[in-house]
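Everything below concerns the one structure shown next.
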Amino acid sequence: MEAPPRARNPQAVLFACGLNSVRSPMAASLLQQMFPQGLYVKSAGVKKGELDPFAVAVMAELGQDISGHKPITFDELEDWEGLNFDLIITLSPEAHHKALELTRTHAADVEYWPTPDPTDAEGSREQKLAAYRDVCDGLLMRIRRRFAKAGAASG
């Protein structure tokens, strides 16, 4: 698990997925909680979605409130504050493609963490929540593994 040299200890991390409504806001919240002062963390999507209530519910189970998250696109983020990230972690193929395009004009490392989209889950409310929990658990495990060497996280 060797990180590219520049992004070994990134100062600013962007999580990206398709709609910025489930996976990337969950990941951003998880990482931000681990490093409340140490890292600048944001999330964005290729297209703009609506914040998913199941994502809000699963994060609330962990004591994290993402209910105020407003989904934004890469373009909106660039317009509002620029894309000054040393590391972009993509969670979906379309976000990965967009991030690689951005590296032509922005000096950022890109890591692809293929993450299933829990909105595809079928079944009861509890079965759907279980799919979201699985995604959240997977993200938390990857984040702990990736950022453990940065200091505060362990596990």
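Not measured: the values here are computed from a predicted model.
Put simply, the side chain of Q64 does not reach to within 4.5 Å of the side chain of V56, judged on heavy atoms. Taking the side chain as every heavy atom from C-beta outward, V46 and T73 never approach each other to under 4.5 Å. Contact check for T103 versus V110: side-chain heavy atoms found under the 4.5 Å cut-off. The shortest distance between side-chain heavy atoms of I143 and F15 falls below 4.5 Å. Put simply, the side chain of D117 reaches to within 4.5 Å of the side chain of R23, judged on heavy atoms. At least one side-chain heavy atom of L87 sits less than 4.5 Å from a side-chain heavy atom of E111.
Here the shortest heavy-atom pairing between A99 and T90 reads CB-CG2, 3.5 Å. Minimum heavy-atom separation, S43 to A28: CB-CB, 4.0 Å. R142 approaches W113 most closely through the heavy-atom pair NH2-CD1, 2.8 Å. Looking at every heavy atom in both residues, L39 comes nearest to P10 through CD2-O, 2.7 Å. Considering all non-hydrogen atoms of both residues, A95 and F74 come closest at O-CZ, 4.2 Å. When all heavy atoms of L31 and V41 are compared, the pair lying nearest together is CD2-CG2, 3.8 Å.
Side-chain contact annotation: S21 with E50, donor-acceptor N/O pair under 3.5 Å absent.
Under the 4.5 Å side-chain heavy-atom criterion for grouping Ile, Leu, Val, Met, Phe, Trp and Tyr, I66 is not connected to L19 through any hydrophobic cluster. Under the 4.5 Å side-chain heavy-atom criterion for grouping Ile, Leu, Val, Met, Phe, Trp and Tyr, M59 is not connected to M141 through any hydrophobic cluster. In the hydrophobic cluster analysis, where Ile, Leu, Val, Met, Phe, Trp and Tyr join through side-chain heavy atoms closer than 4.5 angstrom, V135 is grouped together with L62. When hydrophobic clusters are built by joining Ile, Leu, Val, Met, Phe, Trp and Tyr residues whose side-chain heavy atoms come closer than 4.5 Å, directly or via intermediates, L30 is not grouped with Y112.
No donor-acceptor pair closer than 3.5 Å links the side chain of D52 to the backbone N or O of V22. Checked by atom type and distance alone, the side chain of H96 never pairs as donor or acceptor with a backbone atom of S92 at under 3.5 Å. Although no hydrogens or angles enter the test, the distance criterion places no donor-acceptor pair under 3.5 Å between the side chain of S29 and the main chain of M26. Between the S124 side chain and the Q127 main chain, a donor and an acceptor come within less than 3.5 Å of each other.
To the nearest 0.5 Å, atom CD of residue Q37 and atom CD of residue Q32 are 8.5 Å apart. Between the CG atom in L102 and the CG atom in L77 there is a gap of 9.5 Å [rounded to 0.5 Å]. Distance NZ/K42 to CG/L14: 10.0 Å, rounded to 0.5 Å. In this structure, CG on L139 lies 9.5 Å from OG on S24, to the nearest 0.5 angstrom.
Remark: R133 engages E126 in a salt bridge, criterion side-chain N to carboxylate O under 4.0 Å. Remark: K128 does not engage E122 in a salt bridge, criterion side-chain N to carboxylate O under 4.0 Å. Salt-bridge annotation for K98 and D75: present, with a side-chain N of the basic residue lying under 4.0 Å from a carboxylate O of the acidic one. Between E94 and K47 there is no salt bridge, since no side-chain N of the basic residue sits under 4.0 Å from a carboxylate O of the acidic one.
Across E76, H69, K48, K70, a single residue satisfies side-chain hydrogen bond (donor to acceptor under 3.5 Å, both in side chains) together with N20, and that is H69.
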Report task. Apply the test side-chain contact (heavy atoms from CB on, under 4.5 Å) to residues F85 and Q11: give CA-CA distance (whole Å), side-chain angles for both, the deciding distance (0.1 Å), then the verdict. Result -> CA-CA 8 Å; F85 297 92; Q11 301 301 302; over 6 Å; no
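Ring geometry for F54 versus Y132: interplanar angle of 30 to 60°, hence tilted.
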